[in-house]
Amino acid sequence: MASSVLKIVFSPSHPQGGTGRAGVMTDVHRRFLQLLMTHGVLEEWDVRHLQKHCYRVHDRTATMEALEDFINNINSVLESLYIEIKKGATEDDGRPVYALVNLATTSISKMASDFAENELDLFRKALELIIDSETGFASSTNILNLVDQLKGKKMRKKEAEQVLQKFVQNKWLIEKEGEFTLHSRAILEMEQYIRETYPDAVKICNICHSLLIQGQSCETCGIRMHLPCTAKYFQSSPEPRCPHCNDYWPHEIPEVFDPEKEREAGTSRASKRSLRSRQH
Amino acid sequence: MPRGQKSKLRAREKRRQAQSEAQGVQNAQATAAAEEQPPSSPLPPFGGAKSQDEERPSTSQAQPSTDRYRRTPLDDKAILLVQFLLRKYNMREPITKEDMMKYVIKKHKEHFHEILRKASELMVLAFGIDLKEVDPTRHCYALVSKFQRTCDDRLRGEEIMPKTGLLMTILCVIFMKGNRATEEDIWEVLNVMGIYAERKHFMYGDPKKLITQDLVQERYLQYQQVANSDPPCYEFLWGPRAHAETSKMKVLEFLAKIHDTVPSAFPSWYEEALRDEEERGGARFAALLGTGALANVRPRANFGSFSHL
């Protein structure tokens, strides 16, 4: 094969990869990747359907792999491209989500080819405000007040409002009642970058040790937890206590996300999407 | 493409490559060594970023084991180019050689073709996506899936209704206006159908929000400011999901049905739709059209006519 990078990873004519540790990539996996990319970020239920669909189209006779193995297989092949399918969860209600992410640490520059210099700088400013905030949300007003400090072409506030909407549409930010926070896709793609760039300001969940933007915090010792992590941790505790200082946990404990309950609710997907706040 | 042909091409390429690569690697390494720091991206270094060398893909995790083969700097560039192309895949806008040079290739300009070739191979093998040169004079490329779209590429085969009819109309208008339509164009058509921006609609609710936000969030439409417009005005384009789930030909058929005619009754649009089908590898589809078998698009009854267009 001509391209030597591929020698390590692919071997289309033989089922086993050259190194013996690489996975097998077939059209089932390729179609899956294309569709996942088209959607940007997908919830787990949709991902399972997507997998079924791809098998149906390309390889009806094969036994479908368990989703986890299917994804690990793909990831072992994409590893040498520094790309992977990453699994995360929405910060507000713990829905599992998947996205194809670029692992290279030069993260913001990934967006560089999609946005103008001043737009990128606006994103940076919003990102900094979000990270520094107590709630994980930055108000539209506060972001727009920084418009004069942006690098590149001068941007008016009205234009900046549209740019922020563009970020929402491209699933980098989520808007709730005039305030902005990071979309789960942005967290998936940029976690490493954010942790390296803002090591002092960044907040970490005490339970899962991942980046924390929205969450609850202990009023005594200050440790923080994601809402879904809190839900799981305090699931069967009648009296929730801080895992660090043992003081009474003063916040309402959310429910653990239950995919079965969602399905039984029977509401059509389309109407549900328009009723819930814009996550995905 | 039959494997045999590709292997022959590869063998020939391999011989030529072996010669030039030996040279190229030396040159590339020399260039990389002489590289200025920080990387020459359009962004100034952002908040204490530590990447000082020429932009290489790297993570703080363990590198994949590549002990039997050492990756060359050109391989690294090819990987970066793949990442860049993947981001562009969803944009469905042609990718220019200029952009690739500016954002990825940078100082390895003379190795552009080789890097492009490697990246193309990776795209095909990993994602089943072809990189095609669509405009040789302006060096524009497009990314096209090797796969035939199936109607079930919509998740769970569910219809996009009740928005389908409205969406098809909008996609139609965008196509007919040369693949981008101003917000004014769209409202002109929707108003004829009794759908107004400021008025609540019994079926669509808040039409303005629906088309400028909801359908955009779902990636069926792209809504953006017209470049350099002052006062700002906005335009619509097809979103990546529209491209994935339908096609210019399908949309043209939709229009034709409304007018009780056939797609070829609109010669210039028909031509463009045929070209689009070819790009999608739709030779089989074109044959189907010839026998009069049409795909399953049904215009909804509550549609206004397009006769004024």
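Protein chains get the first letters and strands the later ones, always in sequence-line order, with residue 1 at the start of each.
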- Query: Where does A/His29 contact chain B at under 4.5 Å (heavy atoms): side chain, backbone, both or neither?
  - Reply: neither

- Heavy-atom proximity to chain A below 4.5 Å, by part of B/Asp230: side chain

- Note on the structure: Correct closest heavy-atom pair for B/Thr212 and A/Gln169 would be O-NE2, 3.7 Å

- Item | Side chain / backbone / both / neither for A/Ile74 at chain B, heavy atoms under 4.5 Å | neither

- Task: To the nearest 0.5 angstrom, please state how far the CG atom of A/Leu33 sits from the OG atom of B/Ser145.
- Result: 11.5 Å

- Message: Between A/Gln34 and B/Phe127 (side chain of the first, backbone of the second, donor and acceptor by atom type, cut-off under 3.5 Å), is there such a pair?
- Response: yes

- Item | Euclidean distance, B/Gln213 CD relative to A/Gln165 CD, rounded to 0.5 Å | 5.5 Å

- chain A: which of B/Ile129, B/Asp99, B/Val82 shares the most heavy-atom pairs with it under 4.5 Å? B/Ile129

- Note on the structure: In this structure, CG of B/Asp75 is separated from OG of A/Ser80 (nearest 0.5 Å) by 10.0 Å

- Message: I need the residue from A/Glu159, A/Lys158, A/Gln162, A/Lys166 with the largest number of non-hydrogen atom pairs under 4.5 Å to chain B.
- Response: A/Gln162

- Non-hydrogen atoms of B/Leu125 and A/Met25 that approach each other most closely: O-CG, 3.8 Å

- Message: Using the rule given for side chain to side chain contact (heavy atoms under 4.5 Å, CB included), can you reason through B/Arg219 versus A/Lys171, listing the C-alpha separation, both sets of side-chain angles and the distance that settles it, and then say yes or no?
- Response: CA-CA 10 Å; B/Arg219 298 161 88 82; A/Lys171 305 190 185 182; 4.0 Å; yes

- Query: Within a reach of under 6.0 Å around CD of B/Glu98, are more than 12 heavy atoms found that belong to other residues, nucleotides or ligands?
  - Reply: no

- Would you sort out whether A/Val168 and B/Gln217 count as a side chain to side chain contact (heavy atoms under 4.5 Å, CB included), showing the intermediate values? CA-CA 8 Å; A/Val168 171; B/Gln217 277 260 309; 3.3 Å; yes

- Query: Between B/Gln83 (side chain) and A/Leu81 (backbone), is there a donor-acceptor pair under 3.5 Å?
  - Reply: yes

